[in-house]
Structure formats: structure tokens, C-alpha cells
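One structure is given here, and the rest of the page talks about it.
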Number of protein chains: 2
Amino acid sequence: MPVIYRYPRPAINVNCVVIGWDGIQDLKILLVQRRQSPFRNSWALLGASVSMTETSEHTARKALHEQTGFDDLYLEQLFTFDEVDRDPRERVISIVYFALLPEIHNVDQELNEPRRREWFALDSLPRLAFDHGKIVEYAKIQLAQRALHQPIAFELLPYRFSLTQIQQLYEVILGRNLDKRNFRKKLLTEELLIETSHFEEGTKHRPAKLYRFNRRKHLARVRIGDGFDLS
Amino acid sequence: MPVIYRYPRPAINVNCVVIGWDGIQDLKILLVQRRQSPFRNSWALLGASVSMTETSEHTARKALHEQTGFDDLYLEQLFTFDEVDRDPRERVISIVYFALLPEIHNVDQELNEPRRREWFALDSLPRLAFDHGKIVEYAKIQLAQRALHQPIAFELLPYRFSLTQIQQLYEVILGRNLDKRNFRKKLLTEELLIETSHFEEGTKHRPAKLYRFNRRKHLARVRIGDGFDLS
DNA sequence: TCAAAAGTGTTTTATATACACCCATGT
DNA sequence: ACATGGGTGTATATAAAACACTTTTGA
């Protein structure tokens with residue numbers, strides 16, 4: 001149903017910086033290959049247009065579901081990008097979210113989604129469509145910043161994880177090596193990890209004890225103004 | 001010039017959480033009294049509609065200029081609020097900015113702006129229009145958070161300021177008292193203050209030495225990943 | 001028995017905290 | 001001379017950093 005406005009309005013999109021961790025070395029980002037101009041064949045962030053009846057977060061969740069099959073991701077608003085010429089066709093304002101996945105899954109190929117969708121290592125990306133390269137640069141900086149002051153790294157880990165895993169993840173996010181004993185000491189004195197009775201499986205060495213993150217305790221602390229802080 | 005779209009689009013606004021400090025006790029926020037329904041006579045954040053040819057930041061600067069006479073404020077994007085029913089008339093998405101003033105000026109009454117505009121103490125606000133109360137609550141939390149990791153408190157001070165002034169400001173922002181000697185030690189060991197040859201004037205006690213913030217040095221450090229941090 | 005990573009403490013150094021008096025100025 | 005806030009140092013406690021070997025498991 002076409003609609004008439006007294007003045008022109010920008011289009012509103014969401015984009016998602018979908019980040020996962022390969023469990024070893026690299027942070028990965030999920031990109032979608034465009035099939036139309038502009039930037040035909042270029043890789044771009046996943047996105048969607050915000051309808052009148054849905055919040056941008058809701059739109060982001062729906063887009064993730066429809067375009068990848070992923071549900072129940074951790075979403076956090078990152079920034080709103082609104083340069084007037086960021087899309088050559090018309091003015092498009094984009095509300096951008098972090099979407100963090102606890103594991104790298106391959107996208108669901110059964111979906112009604114003809115475009116290629118692939119995971120790329122965050123530090124060797126192709127040239128992206130629109131201003132998405134700039135957005136990703138900003139997201140990388142913010143991820144490192146926020147990982148120090150919020151427990152978002154846990155969103156990139158499975159429900160149960162080893163201390164070595166989370167240390168490696170922090171090393172990747174922060175881009176520097178951490179001392180094993182000091183890292184563990186700091187993390188354990190936060191008292192936000194729950195020791196489980198599970199162990200790593202399928203290793204060819206001593207299996208590591210698995211922990212999980214105590215979300216309830218963390219939220220209770222946030223309520224009394226006592227936030228998470230490594231650093 | 002009316003315009004036709006294939007699908008309806010939300011309206012895009014900016015709002016500004018304009019914050020100043022009275023130099024003694026209170027953080028203040030500048031509010032505008034509405035003269036039309038909805039929320040007629042209620043107080044609201046300063047705002048404007050984002051046109052097709054201007055970024056939201058540019059729109060915010062222009063609105064501040066036109067509605068208050070203030071120029072060259074420090075602006076920083078805070079959050080984008082997009083609940084579908086935040087405006088009862090239609091879907092309005094609001095990109096919200098912090099606007100920090102180095103001193104409380106009275107607004108320019110000569111402007112072509114019939115609405116009342118007043119400074120309110122941040123901790124005793126009237127009920128605000130729309131979701132602006134919620135926005136202000138969020139802004140308060142963010143101000144305290146960001147003041148610890150970014151040198152934004154200096155944006156609330158005049159070019160030259162005394163150590164007592166900045167301490168009092170931090171006390172107001174963080175909502176707790178700080179030890180004078182320890183605060184000075186920490187601030188001075190950051191080596192981001194430049195001692196000027198000026199002194200406080202018009203006091204009936206020993207005049208305090210005035211300092212200014214070394215923006216260049218701070219920016220140089222940010223570039224090498226060495227950010228500001230009190231805490 | 002070997003390879004591989006898990007797990008674990010202590011010492012040193014740096015940072016944070018607690019705390020009280022004298023000083024310079026204006027009235 | 002008095003009132004007012006400006007300015008300053010030290011001792012203690014806490015947190016960060018540096019550092020290496022033993023243990024457990026699978027192959």
C-alpha cells in the first residue's frame with residue numbers, strides 16, 4: 001500500500017555484525033553476497049528493512065532467522081550510521097547490532113535464500129559493500145572495549161566452556177596474549193563462573209574441566225551497580 | 001513537496017540530552033516545554049526532525065543552534081530509541097545524542113522560539129513527554145560509565161578549570177565522594193592536564209591554579225590504543 | 001613412555017586507599 | 001586575626017605482573 005508523506009523520509013534498515021568464534025584462532029563474521037546492484041557480487045552485512053510495526057531489534061532477529069536459520073542470539077545495539085550518501089540509491093539510515101553466536105554453525109542451506117552466505121575471518125575481509133567496512137572496523141574496536149567491561153565474551157562460547165577456551169577467546173578479542181595463571185585468578189575471583197561436573201571430550205590430552213557463566217549472579221550485581229570488569 | 005513511497009516509513013528524529021553543570025552542586029538538563037498535543041505543556045528533550053540532506057548529528061547541531069543559541073557543543077551518539085509506540089501519533093525513531101556544555105548559559109531569548117526552555121536539576125525532573133524520562137535515565141547511567149573511560153567530564157568544564165572543580169564534577173557524575181589527594185594524584189599521573197599561569201578569580205580565599213585538558217595528547221594516545229581511564 | 005595441554009603458588013612490583021595539617025588569600 | 005578553601009606526603013593494603021613445574025590423560 002503506497003503512502004504519501006508531506007516530506008521525504010529516509011529508509012530505515014538494520015544491519016547485523018554477526019560474530020562467531022572458530023574455537024581456535026579466529027573471530028569470524030558472517031557476510032552475505034549481494035546479487036543486485038549497487039555493489040553486485042560484493043559481500044555485505046546481513047540486513048533488513050525496518051517495517052512500521054517492528055522494533056529494529058525485532059527486525060534484526062527476524063532477518064537472522066530468515067536469512068541464516070539462527071535463533072536466540074545475543075543482540076546489542078552498536079551504533080546508528082546515517083551519513084547521507086552511504087547508499088548511492090537513496091538516503092538509508094542503518095541501526096547496527098552486534099549479533100554474537102555461541103558457536104559457528106553453517107547457515108541453513110534449506111532456507112528460501114538464494115544468496116551465498118559465508119563466514120570470514122575478521123582480520124582478512126574482502127572489500128565490503130556500502131560503508132560496511134567502516135562499520136566492521138568500528139565493531140572490532142567496540143567488541144574489544146565492551147569485552148573488558150561487560151561479560152559479552154561468554155556469548156561467543158557454548159553453554160559449557162573450559163578456562164583455556166575463554167582465555168584464548170579473550171586473547172583473540174583483545175589482540176594480545178594473557179598470562180594463564182593471572183587470567184584464571186582474575187576470572188575466578190570475580191566468582192561468576194560455575195564449575196560443572198563435565199569435562200572436555202575428544203582431546204588427546206588431559207580433558208579440561210568445564211564451567212558455565214553465572215548470568216543470574218551477574219545481573220543481580222548489575223542491579224546494585226557492581227558491574228563486570230576485567231582490565 | 002509531498003512524496004510517495006511504496007511502503008510506509010517511520011519518521012526520524014534526533015533528540016538531545018543537553019547536560020551542563022552549575023559549577024557547584026548539580027548536573028542540569030535543558031528541557032523544552034511543549035505547546036502542542038500530545039503531552040501539551042509537558043517538558044521534553046530538545047529535538048528535531050532529520051531531513052533528507054543532513055546527518056542526525058548535523059540536525060542536532062542545527063536544532064541546538066536554533067532552539068537555544070548554543071554552538072560548538074560536544075556531541076556524542078547515545079542510543080537509538082525505536083519502540084513502535086513511543087509517539088502516540090505515528091512511528092517515530094529517535095537517534096539520541098549527548099550534548100555537553102562547558103557552562104550553563106541561559107538560552108538566547110531573542111530567538112524565534114516561543115517555547116519555554118529551562119534548566120532542570122538532573123535528579124529532580126518533572127514527568128517528561130513521550131519516553132523521554134526513560135531516555136534520561138539511560139543517559140545518566142551512561143554518563144557515569146563513560147566518564148570513567150573517556151575524558152568527557154572535561155566537556156562540562158570551561159577551558160580552564162581548577163582541580164577542585166573537576167573533582168566536584170566527578171563526584172556529582174559518579175554520585176559518590178572522592179578523596180582529594182588521591183583524586184589529584186590519579187589525575188596528574190595521567191599527565192593529561194596542562195598547568196596554566198591563570199588562577200581562579202573572585203574567591204574570598206586562596207585562588208586555585210587553573211589547568212586545561214590536553215586534547216592533542218589524549219587523541220595521540222587513543223590512536224595507539226591507550227585510552228583514558230579513571231576507575 | 002611420550003606428547004600435549006591442564007592445573008597450580010609465590011614473589012615482586014605497582015596501584016589504591018586512608019588519613020591531617022599547613023598555606024595563601026580576601027575580608 | 002579569622003574564615004575559607006588550596007595544596008601537599010606517607011604508610012598500609014590491595015591488586016597486578018612475572019614466572020616454571022607437576023599432573024593427568026590419550027595414543
Side-chain angles (χ1 to χ4, degrees), chain A residues 21-25 147-149 157-158 160-172 174-212 221 225-231, chain B residues 21-25 147-149 157-158 160-172 174-212 221 225-231:
Chain A
W21 181 49
D22 66 5
I24 317 165
Q25 275 215 326
L148 290 174
H149 308 299
L157 293 170
R160 286 186 279 262
F161 51 85
S162 71
L163 297 179
T164 299
Q165 274 182 300
I166 186 158
Q167 180 179 342
Q168 286 174 337
L169 175 54
Y170 264 98
E171 288 178 337
V172 172
L174 301 178
R176 58 187 157 95
N177 293 333
L178 302 169
D179 179 89
K180 179 158 70 162
R181 282 174 288 190
N182 293 338
F183 180 80
R184 288 172 178 222
K185 211 183 302 168
K186 207 189 292 192
L187 209 58
L188 293 171
T189 54
E190 291 267 347
E191 297 185 305
L192 284 172
L193 296 189
I194 298 170
E195 194 175 325
T196 73
S197 54
H198 294 69
F199 288 83
E200 206 177 3
E201 284 173 23
T203 61
K204 59 181 199 173
H205 55 78
R206 174 176 177 180
K209 200 180 292 172
L210 300 182
Y211 294 78
R212 58 191 182 84
R221 285 190 187 170
D226 175 21
F228 177 87
D229 204 278
L230 296 182
S231 65
Chain B
W21 182 47
D22 66 4
I24 316 165
Q25 276 215 326
L148 290 174
H149 308 299
L157 292 170
R160 285 186 281 262
F161 51 84
S162 71
L163 298 179
T164 299
Q165 274 183 299
I166 185 157
Q167 181 180 340
Q168 287 174 336
L169 175 54
Y170 264 98
E171 288 178 338
V172 172
L174 301 178
R176 58 188 158 96
N177 292 335
L178 302 169
D179 179 88
K180 179 158 68 161
R181 282 175 289 190
N182 294 338
F183 180 81
R184 289 173 178 221
K185 212 182 303 169
K186 207 188 294 192
L187 209 57
L188 292 170
T189 53
E190 291 266 347
E191 296 185 304
L192 285 170
L193 296 188
I194 298 170
E195 195 174 324
T196 72
S197 54
H198 294 68
F199 287 82
E200 207 177 4
E201 283 173 24
T203 61
K204 57 183 200 173
H205 55 78
R206 174 176 176 180
K209 200 180 291 173
L210 299 182
Y211 294 78
R212 60 193 181 82
R221 287 190 186 170
D226 175 21
F228 177 87
D229 203 281
L230 296 181
S231 65

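Quick note on labels: first sequence line is chain A, next is B, and so on, each numbered from 1.
Rounded to whole Å, atom P of D:dT4 lies 22 Å from atom CZ of B:Phe199. The separation between B:Leu188 atom CG and D:dG9 atom P is 12 Å, rounded to whole Å. Rounded to whole Å, atom P of D:dG6 lies 14 Å from atom CD1 of B:Ile166. Protein atom CD of B:Glu201 is 17 Å distant from nucleotide atom C1' of D:dG5, rounded to whole Å. Between the C1' atom of D:dT8 and the CZ atom of B:Phe183 lies a distance of 16 Å, rounded to the nearest Å. Following rounding to the nearest Å, B:Asp229 (CG) and D:dA16 (C1') show an atom-to-atom distance of 15 Å. Rounding to whole angstrom units, OH of residue B:Tyr211 and P of D:dG6 are separated by 12 Å.
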Give each protein N/O atom lying under 3.5 Å from an N/O atom of nucleotides 10-12 of chain D, with the pair distance.
residue: D:dT10; atom: O4; partner: B:Lys185; partner atom: NZ; Å: 3.0

Which atoms of nucleotides 23-27 of chain D (N or O only) lie under 3.5 Å from a protein N or O atom, and what are those distances?
residue: D:dT23; atom: O2; partner: A:Arg206; partner atom: NH1; Å: 3.3
residue: D:dT24; atom: O4'; partner: A:Arg206; partner atom: NH1; Å: 3.4

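Of the residues in residues 174-181 of chain B, those lying under 4.0 Å from DNA chain C by heavy-atom distance are B:Asp179, B:Arg181.
Checked against side-chain hydrogen bond (donor to acceptor under 3.5 Å, both in side chains), A:Asp179 has the following partners two or more places apart in sequence or in another chain: A:Asn182.
Put simply, the side chain of A:Ile166 does not reach to within 4.5 Å of the side chain of A:Leu193, judged on heavy atoms. Counting heavy atoms from C-beta on, the side chains of B:Lys180 and B:Arg184 come closer than 4.5 Å. Between A:Glu200 and A:Thr164 there is no side-chain heavy-atom pair separated by less than 4.5 Å.
Taken from CG in B:Leu188 to NZ in B:Lys186, the straight-line distance is 12.5 Å, to the nearest 0.5 Å. Separating the CD atom in B:Gln168 from the CG atom in B:Leu157 is a distance of 10.5 Å, to the nearest 0.5 Å. Rounding to the nearest 0.5 Å places CD1 of B:Ile24 at 10.5 Å from CD of B:Gln165.
Within the structure, every pair that satisfies the ring pair (Phe, Tyr, Trp, His ring centres under 6.0 Å) test and touches residues 183-210 of chain B, not counting sequence neighbours, is listed here: B:Tyr170-B:Phe183.
Annotation for B:Leu230 and B:Phe228: closest pair CG-CZ, 3.7 Å, computed over non-hydrogen atoms. Of all non-hydrogen atoms in B:Gln25 and B:Val172, the two that sit nearest each other are O-CG2, 3.1 Å.
Of all nucleotides in DNA chain C, those with any atom nearer than 4.0 Å to a heavy atom of chain A start and finish, going 5' to 3', at C:dA4 to C:dT10.
Judged by distance alone, the side chain of A:Gln167 and the main-chain N or O of A:Leu178 form a donor-acceptor pair under 3.5 Å. A:Thr196 places a side-chain N or O within donor-acceptor distance of the main-chain N or O of A:Leu210, the cut-off being under 3.5 Å. In this structure, B:Lys209 contributes its side chain and B:Leu163 its backbone to no donor-acceptor pair below 3.5 Å.
Within the 4.0 angstrom heavy-atom criterion, only backbone atoms of the sugar-phosphate kind lie near A:Thr164; the bases stay farther away.
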